[in-house]
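Single-structure report; data block below.
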Amino acid sequence: MVVGRFPWSARSFGWVGPPERAVREGVVAAKLCAYVLTKGIAMKDESTLVVVAYHSGYGHTARLAESVRAGAASVDGTKAEPVSVDGITEEEWALLDAADAIVFGSPTYMGSASPEFHTFARDSVKRWQLQAWDGKLAAGFSNSGSKSGDKLHTLEYMALLAAQHGMLWVSLGLVSGWNSSTSDENALNRLGVWLGAAAASNIDEGPELMHDSDLRTAEHLGRRVAEQARRRHGVEMARALYEMKGDRTDERT
């Protein structure tokens with residue numbers, strides 16, 4: 001990502017300098033900025049980028065994608081962008097390359113992702129050859145007419161695609177919401193899927209009538225992915241600071 005200002009200080013990472021002298025935060029922050037640039041750790045306004053890459057046949061998956069995007073964008077320090085993979089542009093490929101996390105989405109047709117999503121997966125081979133997405137976070141969501149509809153197979157396909165790219169899969173992180181006499185269909189994860197977010201939409205109804213539970217579950221997934229991306233971002237910055245401290249020690253010995 002493009003490098004911008006660094007609004008944090010070394011003290012925000014818990015480093016107050018060697019015990020024998022005080023460390024001026026502005027000086028240390030400037031040195032840390034220069035250090036992470038040389039190490040290739042770049043950031044813009046301390047933000048992380050989540051891209052929702054999806055195909056939608058009749059609008060239902062597009063509405064899920066918007067819920068995922070909104071959930072991710074609700075996390076402080078996160079920018080979330082949608083990319084429709086049907087006719088994806090070079091600029092949109094570049095956006096995927098810059099992302100900290102990619103959430104895949106597709107309707108389930110005949111037990112798998114849509115042909116358009118499969119085309120997108122095939123066209124990502126250039127990134128696979130270079131392992132350009134290695135280390136990025138990944139997650140997935142799908143919609144079908146039936147309550148099951150073999151959506152799990154679609155999510156497994158997405159997880160395998162992510163694994164081939166060297167990405168790290170983020171699960172839904174919710175228990176089944178509708179599996180007892182005391183629960184109901186309005187609970188999150190009403191369909192009881194763990195690998196990603198799943199939705200069931202009547203085939204004779206438009207996306208405006210999608211179940212609220214499914215939309216909120218998709219929003220939860222986006223928020224969870226963004227939170228994990230932010231957590232990893234903080235760890236990387238702390239590691240950079242730790243390495244810089246090591247370099248400073250080497251210089252004194």
Side-chain angles (χ1 to χ4, degrees), residues 1 43-56 58-85 92 95-96 98-108 113 117 120 133 135-144 151-152 154-155 158-159 161-162 167-178 183-201 206-235:
M1 300 179 69
M43 55 192 292
K44 182 178 182 180
D45 295 334
E46 205 184 359
S47 64
T48 53
L49 174 62
V50 176
V51 176
V52 184
Y54 72 96
H55 168 253
S56 184
Y58 299 95
H60 302 82
T61 308
R63 193 171 180 201
L64 278 181
E66 172 53 27
S67 293
V68 173
R69 188 210 63 79
S74 71
V75 176
D76 289 343
T78 302
K79 296 180 179 179
E81 298 289 343
V83 167
S84 175
V85 301
E92 289 170 331
L95 193 64
L96 290 168
D100 298 282
I102 302 174
V103 186
F104 301 117
S106 170
T108 293
F117 189 88
F120 158 72
W133 294 352
K136 295 182 186 294
L137 298 184
F141 60 95
S142 185
N143 176 81
S144 69
K151 285 185 283 284
L152 178 60
T154 299
L155 293 172
M158 293 174 178
L161 172 65
M167 305 172 77
L168 307 174
W169 190 261
V170 178
S171 65
L172 182 60
L174 288 173
V175 298
S176 179
W178 189 22
S183 59
D184 60 56
E185 62 178 311
N186 295 308
L188 288 177
N189 194 22
R190 69 184 181 111
L191 300 181
V193 177
W194 278 262
L195 193 59
S201 306
E208 69 279 359
L209 296 178
M210 291 181 68
H211 203 290
D212 182 66
S213 168
D214 296 342
L215 297 173
R216 289 186 291 112
T217 299
E219 185 176 347
H220 166 86
L221 177 65
R223 184 164 52 250
R224 177 173 166 85
V225 171
E227 289 171 346
Q228 294 297 320
R230 292 298 296 163
R231 185 173 293 115
R232 291 190 71 219
H233 189 74
V235 169

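With rounding to the nearest 0.5 Å, the separation of CH2 in W169 from CG in L137 is 11.0 Å. In this structure, the separation between CG on L161 and CE on M167 is 8.0 Å, given to the nearest 0.5 Å. We find the CG-CH2 distance between L152 and W194 to be 10.5 Å, quoted to the nearest 0.5 Å. With rounding to the nearest 0.5 Å, the separation of CD in E92 from CD in E81 is 10.0 Å.
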Worked check of side-chain contact (heavy atoms from CB on, under 4.5 Å) between V52 and F141: CA-CA 10 Å; V52 184; F141 60 95; 3.7 Å; yes
L64 and L215: CA distance, side-chain angles, deciding distance, side-chain contact (heavy atoms from CB on, under 4.5 Å) verdict: CA-CA 6 Å; L64 278 181; L215 297 173; 4.1 Å; yes
From CA spacing to verdict: salt bridge (Lys or Arg N to Asp or Glu O under 4.0 Å), R69, E66: CA-CA 5 Å; R69 188 210 63 79; E66 172 53 27; 3.0 Å; yes
Stepwise side-chain contact (heavy atoms from CB on, under 4.5 Å) test for S56 and R63: CA-CA 9 Å; S56 184; R63 193 171 180 201; over 6 Å; no
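F104 and W133 have tilted rings, their planes meeting at an angle from 30° to 60° on a 0 to 90° scale.
Between V225 and A101, the shortest heavy-atom distance links the atoms CG1-CB, 3.6 Å. Between L195 and A159 the shortest heavy-atom distance is CD2-CB, 4.5 Å. Across all non-hydrogen atoms, the minimal contact from T108 to S142 is OG1-OG, 2.6 Å. Scanning both residues, S171 and L221, for their nearest heavy atoms gives O-CD1, 4.1 Å. Nearest approach of I102 to A53, heavy atoms of both residues: CG2-CB, 4.1 Å. V103 and G140 get closest at one heavy-atom pair: CG1-N, 4.2 Å.
When side chains are defined from C-beta on, P207 does not count as touching Y58, because their heavy atoms never get closer than 4.5 Å. Looking only at side-chain heavy atoms (C-beta outward), T61 and F117 stay at 4.5 Å or farther from each other. Counting heavy atoms from C-beta on, the side chains of L49 and L95 come closer than 4.5 Å. Here the side chains of R232 and T48 are not in contact, with every heavy-atom distance at 4.5 Å or above. Looking only at side-chain heavy atoms (C-beta outward), F120 and L96 come within less than 4.5 Å of each other. Annotation: side chain of K151 is in contact with side chain of L191 (closest heavy-atom distance under 4.5 Å).
Contacts of D214 classified as side-chain hydrogen bond (donor to acceptor under 3.5 Å, both in side chains), with partners at least two apart in sequence or in another chain: R190.
Electrostatic pairing of E219 and R223 counts as a salt bridge here, judged by a charged N lying under 4.0 Å from a carboxylate O.
A donor-acceptor pair under 3.5 Å links the side-chain atoms of N189 to the main chain of V175, judged by distance alone. Between the S106 side chain and the H55 main chain, no donor and acceptor come within less than 3.5 Å of each other. Not a single donor-acceptor pair under 3.5 Å links the side chain of N143 to the backbone N or O of P107. No donor-acceptor pair under 3.5 Å is formed between the side chain of K79 and the backbone N or O of S47. Judged purely by atom type and a 3.5 angstrom limit, H220 uses its side chain to pair as donor or acceptor with the backbone of L172.
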Output side-chain donor-acceptor pairs under 3.5 Å for residues 70-77, partner residues at least two apart or in another chain, one line each.
| from | atom 1 | to | atom 2 | distance (Å) |
| --- | --- | --- | --- | --- |
| S74 | OG | G71 | O | 2.6 |

